[in-house]
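Quantities reported herein were computed from a predicted structural model and do not represent experimental measurements. Counting from 1, the numbers follow the sequence of the chain as shown.
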Amino acid sequence: MRRNRLAVATLVALALSVSTVPAAAGDPSSPGPGPAQAFPSQEQVDHAKAHAARKARDVGVIKARLLLAGQRLEQAATKAEQASEAYNGALWRLAQAKQKYRAARHEAARAQRTVASQRNRIGALVAQSYQEGGDLSALNAMMSADGPEGVLDQYAAFHGASTSLEADYKRFTAADSLAGVFAAQAKHAKAEQARLATAAKEAKDAAVAAAESAQSEATAIAEEKDRLIRELAQAQNISVQLARERQSALEEIARRRAEERARREALAAARAEARAQARAQAEDRARAQAAAEAQAAEAQAAEARAAEARRKQASRHRLTSSARVAAPVTAERSQPRQNQPRKHHARKHHARLRVSSPAPTFAPPPPPPAPAPPSPHGGAQQAIAYAEAQLGEPYQWGASGPGSWDCSGLTMKAWASAGTYLPHYSVAQYEAGVPISVSELRRGDLVFWSTNGAPSGIHHVAMYIGNGQIIHAPRTGRPVEIDDMYYWIPPDLFVRV
């Protein structure tokens, strides 16, 4: 509103200056405009207001178009990155298929060698059995020099050869069937490899097209923003350079505000998650304590019941003992040892009661909550140092160095320098780690962005370096750099390698 008033006042002043110059240049004695003519007319005021409103609308429209242009640039970059990671995934699956095909082909070849060996053994046994069978069929074998004993020996040998032949034939049948299974697996693995090779080529073509589209979109958007900034400078009556500097400052302010808003939202979500976990742990502890107290109370009640039973039993024994003491003294003297076994029996009975009474038991305290999984390798510092050594190097889809990188290529090589293998595929890198929450992040952990909040939608990965910062290869047009973790949109998933 203040800007509109200023524009109206400026236009009115210009109109007055133009309308009063001729009068000042004329004869001073000539009658000038009356008091009513010293102010602009209503028509002039309305015209000035309309002109200022048009200017304001033009500025607002231009700024809105600049904002939309920036959003289109981010969307194009995201699509290109998704295509790049899809290509990385296709290559990863193709590599796995090739490995499976090699293993299946190896097993099939080994099975074929086993079949050939079994076939040769069966042939040898058949020949041997034929020869030995022919000898036995001769009727004069009974009259041979060896006599019946020799015939029995030959029969035993023939029977053993027949049994061995049957066993070998069974093994041959099994080996032949297994060889057929391995051959079918190898054939299927080869077909799957061919299919995935085609899919990888299609993914590569899509990645190339997406990268070219993103680059073309970036060029067009840069030209559009330059044109809009010139229009903005004209609408605001300022220089193009000043308009460009103002626009850059406004975009930086908007980015920082969005970053701070995302950080606050993530912090609130982390606190809510921590409160929920604390409540769940407190409830678990309360339940465990209540169970332990109930068990202890039950044990105490059982002990009280057992003590009462012992007291009653002891009372009955005391009454019995008193009755025996009241008997004639002569009878007690004549049989001085009769009560001793009973006393001994009573002592044994009391001992059994004491032994059989249950002891109170208490439930063990609940185990403490499991801490965040530690990194199995102490190489986080080395991985970060490797990534930092690549700062400033350009982004290139599908690249894993040296000299250019995509997001998963950088994290793969960084952790490889620390002795940990990760695939060149952001989804597989997530699956290779241990999921953690944002509140558990440590240096060297991996941070992921997903289109659907799930691992299947992951399209970008970065490495956490502490203090809320990440190092990553962002996208085409931006080199490897360090950013705030919320520089863009809040990340979705986190893992510890």
Next on the checklist: Ignoring hydrogens, what is the shortest heavy-atom contact between Pro455 and Leu493? Give both atom names and the distance.
Outcome noted: N-CD1, 3.7 Å
Item to check | Lys413 side chain to Ser400 backbone, donor-acceptor under 3.5 Å | outcome: yes
Item to check | Under 3.5 Å donor-acceptor, Trp449 side chain and Ile489 backbone | outcome: yes
Checklist outcome for this item: When every non-hydrogen atom of Val461 is compared with those of Thr411, the smallest separation belongs to CG1-OG1, 3.8 Å
Item to check | Short side-chain donor-acceptor distance under 3.5 Å, Glu85 and Asn88 | outcome: yes
Next on the checklist: Any salt bridge linking Arg257 with Glu260? Criterion: basic side-chain nitrogen under 4.0 Å from a carboxylate oxygen.
Outcome noted: no
Next on the checklist: Please find the pair of heavy atoms, one from Ile465 and one from Arg443, that lie closest to each other, and give the distance.
Outcome noted: O-NH1, 2.6 Å
Item to check | Pairs flagged by side-chain hydrogen bond (donor to acceptor under 3.5 Å, both in side chains) wherever residues 476-495 is involved - sequence neighbours left out | outcome: Arg263-Asp484, His472-Asp483, Arg478-Glu481, Arg478-Asp483
Checklist entry - Is a side-chain donor or acceptor of Gln382 paired with a backbone partner of Gly379 at a separation under 3.5 angstrom? => result no
Item to check | Step-by-step salt bridge (Lys or Arg N to Asp or Glu O under 4.0 Å) determination, Glu231 to Arg227 | outcome: CA-CA 6 Å; Glu231 292 180 5; Arg227 178 178 58 79; 3.0 Å; yes
Next on the checklist: For the CG atom on Asn452, are there more than 12 heavy atoms of other groups (residues, nucleotides or ligands in this structure) within a distance under 6.0 Å?
Outcome noted: yes
Checklist outcome for this item: Shortest non-hydrogen pair, Trp405 vs Gln390, comes out as CZ2-OE1, 3.4 Å
Checklist entry - Do Arg305 and Glu298 sit within salt-bridge range, that is, some charged N less than 4.0 Å from a carboxylate O? => result yes
Next on the checklist: Please give me the minimum heavy-atom distance between Met412 and Leu422, naming the atom from each residue.
Outcome noted: CG-O, 3.0 Å
Checklist entry - Just by modelled atom types, is the Ser408 backbone N or O under 3.5 Å from a matching donor or acceptor in the Gln429 side chain? => result yes
Checklist entry - Is the side chain of Ser248 donor-acceptor paired with the backbone N or O of Arg244 at a distance under 3.5 Å, no angle test? => result yes
Checklist entry - Do Glu245 and Gln241 have side-chain atoms, one donor and one acceptor, less than 3.5 Å apart? => result yes
Checklist entry - Is the count of non-hydrogen atoms from other residues, nucleotides or ligands lying under 6.0 Å from Arg287 atom CZ greater than 12? => result yes
